[in-house]
*Asks:* 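Have a look at this one.
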Protein chains: 2
Amino acid sequence: MQDRQTAERPLTRIQRKNRQTILEAALDAFSSYGFRGTTVDQIAELAGLSKPNLLYYFPSKEAIHAELLSMLLDTWLDPLRALDPEGEPVAEILGYVRRKLELSRDYPRESRLFANEILQGAPRIMEALEGELKALVDEKAALLADWAAAGRIADLPPHHLIFSIWALTQHYADFDVQVRAVLGPGHDPYAEAQGFLDTLFGKLLAPDQRNG
Amino acid sequence: MQDRQTAERPLTRIQRKNRQTILEAALDAFSSYGFRGTTVDQIAELAGLSKPNLLYYFPSKEAIHAELLSMLLDTWLDPLRALDPEGEPVAEILGYVRRKLELSRDYPRESRLFANEILQGAPRIMEALEGELKALVDEKAALLADWAAAGRIADLPPHHLIFSIWALTQHYADFDVQVRAVLGPGHDPYAEAQGFLDTLFGKLLAPDQRNG
DNA sequence: ATGACGTTTGACCTTCCGGTCAAATACACG
DNA sequence: CGTGTATTTGACCGGAAGGTCAAACGTCAT
């Protein structure tokens with residue numbers, strides 16, 4: 001494989017397959033046990049490879065983790081990017097809430113991986129938070145502020161409005177075991193959350209009755 | 001010290017002081033790096049003790065962690081316990097939100113320790129979640145349902161209402177670095193959150209206008 | 001079929017880490 | 001002061017974990 005980095009030779013069929021398998025296994029492990037709590041042997045076992053073989057595809061445990069995080073951030077921000085300035089404000093925001101909740105439901109491992117990273121002080125993605133993430137949020141916050149100024153949604157601090165969407169949707173993925181423990185059997189947390197969050201943001205965003 | 005467990009000799013002055021110091025140091029470390037990410041040497045260093053000395057006061061790293069978690073749960077549930085059936089419903093709930101937010105502000109390490117544990121599947125406190133926690137939440141959920149039935153607050157799924165309070169308040173402690181990265185300098189997240197959450201739950205809980 | 005390159009592995013190295021132990025040092029109290 | 005108990009520590013142990021390496025094995029294009 002010599003110098004895949006600089007030579008940029010295209011990936012072989014086997015490389016594509018094994019890198020994929022490894023990332024999948026690593027996501028499983030990292031999201032369950034955290035970075036330090038996961039061992040390379042564990043990932044290798046999950047991926048059905050020997051440890052040296054795994055380290056043939058990625059230079060280190062760090063590198064696997066980094067790759068996962070960088071792939072993650074994009075996916076994670078997509079729903080927010082899709083917030084359309086031309087759309088109907090309340091419908092746009094409710095749509096964002098729904099997409100974000102679906103992300104929690106369909107990709108809980110990714111959500112937990114991200115939560116883990118932030119909890120530990122975001123040592124590996126602080127840069128992205130202060131750059132890419134902040135820029136996008138600022139942009140969309142400005143949009144929300146415009147909508148509020150136009151009386152099309154309630155007047156709320158836009159950044160905190162966004163935080164509230166993140167908090168409420170990710171909670172169902174990150175705190176899944178607690179949610180299920182408290183609800184007991186016979187519940188579908190995500191289905192129930194769907195309705196509840198729809199109501200919540202519906203009431204929250206309804207424009208104030210203007211007097212004049 | 002021989003057999004402190006069974007003999008139940010009262011703790012000496014030095015024992016009280018050192019156990020306290022160790023728990024404080026361990027809270028710092030565990031909440032920052034997680035259980036696996038924290039080493040005993042690290043805790044000992046923070047506490048200003050040698051490793052064997054630390055292990056003279058606690059039998060293992062596990063034991064320190066367990067002690068912290070069990071102390072934590074009580075503190076954490078107190079504000080919910082304080083929800084008063086005799087009080088004015090909306091004021092009671094807004095008071096709960098405020099106390100929970102203050103807990104996040106004043107004890108962010110505890111919040112992160114808890115979040116870490118849940119994220120990893122709550123291996124060490126699942127029992128408490130399904131027992132003590134569920135019982136208390138069920139009791140308070142019934143109270144909320146009563147209030148809703150009496151038309152004193154909006155009709156909402158009570159468990160999810162409680163989840164939303166947890167999610168929104170703990171978010172500011174657990175995702176602190178993200179919140180600050182996105183807001184940029186010159187913000188007081190907790191002060192702003194205070195006002196925002198007051199508005200949010202005010203609107204959410206306002207009883208529906210009855211037609212009849 | 002063969003040579004070049006891609007893939008896999010067993011054995012091994014080093015460091016870290018949780019925990020132990022015996023011996024030394026402080027402390028309290030009669 | 002002296003003695004029994006509490007406290008502290010340096011040295012050490014065994015296992016786990018991240019990573020390396022040389023050699024063996026596949027694959028594929030000519």
Side-chain angles (χ1 to χ4, degrees), chain A residues 1-23 25-26 28-30 32-69 120 123-124, chain B residues 1-30 32-69 120 123-124:
Chain A
M1 177 182 294
Q2 67 187 21
D3 226 359
R4 209 187 314 127
Q5 306 295 355
T6 55
E8 278 304 327
R9 211 168 294 214
L11 298 182
T12 70
R13 172 184 54 87
I14 297 180
Q15 277 165 22
R16 272 195 304 275
K17 190 194 69 183
N18 280 348
R19 285 178 60 92
Q20 206 41 55
T21 310
I22 290 168
L23 288 173
D28 242 48
F30 284 142
S32 297
Y33 312 113
F35 180 75
R36 290 288 309 267
T38 298
T39 73
V40 176
D41 292 277
Q42 226 175 102
I43 302 174
E45 163 113 353
L46 279 175
L49 299 174
S50 67
K51 179 167 63 166
N53 197 11
L54 182 150
L55 288 166
Y56 169 71
Y57 290 101
F58 289 89
S60 67
K61 178 177 160 183
E62 274 277 342
I64 305 175
H65 193 250
E67 175 99 12
L68 281 174
L69 278 181
Q120 321 257 320
R124 301 157 216 272
Chain B
M1 179 182 293
Q2 69 187 19
D3 225 359
R4 209 188 314 130
Q5 306 296 354
T6 55
E8 279 304 326
R9 211 169 293 212
L11 297 183
T12 69
R13 171 182 55 88
I14 296 179
Q15 276 165 22
R16 272 194 305 275
K17 190 194 70 180
N18 280 347
R19 283 178 61 93
Q20 205 41 54
T21 310
I22 290 166
L23 288 173
E24 175 66 20
L27 177 56
D28 243 47
F30 284 142
S32 297
Y33 311 113
F35 180 75
R36 290 288 308 267
T38 298
T39 73
V40 176
D41 291 277
Q42 227 176 102
I43 302 173
E45 163 113 354
L46 278 175
L49 299 173
S50 68
K51 179 167 61 169
N53 196 11
L54 182 151
L55 289 167
Y56 170 69
Y57 291 101
F58 289 90
S60 69
K61 178 178 160 182
E62 273 278 344
I64 305 175
H65 193 251
E67 175 99 13
L68 281 174
L69 278 182
Q120 320 260 319
R124 302 157 216 274

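Heavy atoms only: backbone and side chains are in, while hydrogens, waters and symmetry mates are out. So you know, we letter chains A, B, ... as the sequences are listed, proteins then strands, and number each from 1.
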*Asks:* Can you list everything that forms a side-chain contact (heavy atoms from CB on, under 4.5 Å) with Leu46(A)? Sequence neighbours excluded, please.
*Replies:*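 Here the qualifying residues are Ala25(A), Asp28(A), Ala29(A).
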*Asks:* In this structure, how many angstroms lie between the C1' atom of dT9(C) and the CG atom of Leu54(A), rounded?
*Replies:*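 In whole Å, dT9(C) C1' lies 13 Å from Leu54(A) CG.
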*Asks:* Using ring pair (Phe, Tyr, Trp, His ring centres under 6.0 Å) as the criterion, list what pairs up with Tyr33(A), not counting sequence neighbours.
*Replies:*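 Not a single residue meets the ring pair (Phe, Tyr, Trp, His ring centres under 6.0 Å) criterion with Tyr33(A).
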*Asks:* Between Phe58(B) (CZ) and dT8(D) (P), how many Å, whole number?
*Replies:*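 The answer, rounded to whole Å, is 13 Å.
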*Asks:* List in chain and number order the residues that pass side-chain contact (heavy atoms from CB on, under 4.5 Å) with Asn53(A), two or more places apart in sequence or in another chain; answer none if no residue qualifies.
*Replies:*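 Residues passing side-chain contact (heavy atoms from CB on, under 4.5 Å) with Asn53(A): Leu49(A), Ser50(A), Tyr56(A), Tyr57(A).
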*Asks:* Is there a side-chain polar atom (N or O) of Asn53(B) under 4.0 Å from OP1 or OP2 of dT7(D)?
*Replies:*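 Result: no.
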*Asks:* Identify, with sequence neighbours excluded, every residue that meets side-chain hydrogen bond (donor to acceptor under 3.5 Å, both in side chains) alongside Glu45(B).
*Replies:*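 None.
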*Asks:* Nucleotides 18-25 of chain C: which of its N/O atoms have a protein N/O under 3.5 Å away?
*Replies:*
| residue | atom | partner | partner atom | Å |
| --- | --- | --- | --- | --- |
| dG18(C) | OP1 | Thr38(B) | O | 3.2 |
| dG18(C) | OP1 | Lys61(B) | NZ | 2.8 |
| dG18(C) | OP2 | Val40(B) | N | 2.8 |
| dG18(C) | N7 | Lys51(B) | NZ | 2.9 |
| dG19(C) | OP2 | Lys61(B) | N | 2.9 |
| dG19(C) | N7 | Lys51(B) | NZ | 3.3 |
| dG19(C) | O6 | Lys51(B) | NZ | 3.2 |

*Asks:* Check whether any side-chain nitrogen or oxygen of Asn18(B) sits under 4.0 Å from OP1 or OP2 of dT8(D), and answer yes or no.
*Replies:*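 Asn18(B) to dT8(D) OP1/OP2: side-chain N or O found under 4.0 Å.
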*Asks:* Sequence neighbours left out, what passes side-chain hydrogen bond (donor to acceptor under 3.5 Å, both in side chains) with Gln20(A)? Give chain and number order.
*Replies:*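 side-chain hydrogen bond (donor to acceptor under 3.5 Å, both in side chains) check on Gln20(A) returns nothing, list empty.
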*Asks:* At a cut-off of 3.5 Å, list every protein nitrogen or oxygen paired with a nitrogen or oxygen from nucleotides 27-30 of chain D, distance to 0.1 Å.
*Replies:*
| residue | atom | partner | partner atom | Å |
| --- | --- | --- | --- | --- |
| dC28(D) | OP1 | Arg13(A) | NH2 | 3.1 |

*Asks:* Indicate the atoms forming the closest heavy-atom contact of Leu68(B) with Leu27(B), along with that distance.
*Replies:*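 Answer, listing the atom of Leu68(B) first, then Leu27(B): CD1-N, 3.7 Å.
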*Asks:* At under 4.0 Å, does any side-chain N or O of Thr12(B) touch on OP1 or OP2 of dT7(D)?
*Replies:*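 Thr12(B) to dT7(D) OP1/OP2: side-chain N or O found under 4.0 Å.
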*Asks:* If the condition is salt bridge (Lys or Arg N to Asp or Glu O under 4.0 Å), which residues does Arg124(B) pass it with, not counting sequence neighbours?
*Replies:*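 Listed in chain order: Glu62(B), Glu117(B).
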*Asks:* For Lys61(A), give me all partners under salt bridge (Lys or Arg N to Asp or Glu O under 4.0 Å), at least two apart in sequence or on another chain.
*Replies:*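 By the salt bridge (Lys or Arg N to Asp or Glu O under 4.0 Å) rule, Lys61(A) matches no residue at all.
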*Asks:* What integer distance in Å separates Ile64(A):CD1 from dG18(D):P?
*Replies:*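 From Ile64(A) CD1 to dG18(D) P: 10 Å.
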*Asks:* Indicate yes or no for a side-chain donor-acceptor contact from Arg16(A) to the backbone of Leu11(A) under 3.5 Å, with no hydrogens or angles considered.
*Replies:*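 Confirmed, Arg16(A) side chain pairs with Leu11(A) backbone.
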*Asks:* Between Gln15(A) and dT7(C), is there a side-chain N or O to OP1/OP2 distance below 4.0 Å?
*Replies:*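 It does, given that an N or O in the side chain of Gln15(A) lies less than 4.0 Å from OP1 or OP2 of dT7(C).
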*Asks:* Tell me: NZ of Lys17(B) to P of dA26(C), nearest whole Å?
*Replies:*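 In whole Å, dA26(C) P and Lys17(B) NZ are 14 Å from each other.
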*Asks:* Which nucleotide in the set dT9(C), dT8(D), dT7(C) lies at the smallest distance from any side-chain heavy atom of Tyr56(A)?
*Replies:*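 From the listed options, dT7(C) comes nearest.
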*Asks:* In whole Å, I'd like the distance from the CD1 atom of Ile22(A) to the P atom of dG19(D).
*Replies:*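 These atoms are roughly 13 Å apart.
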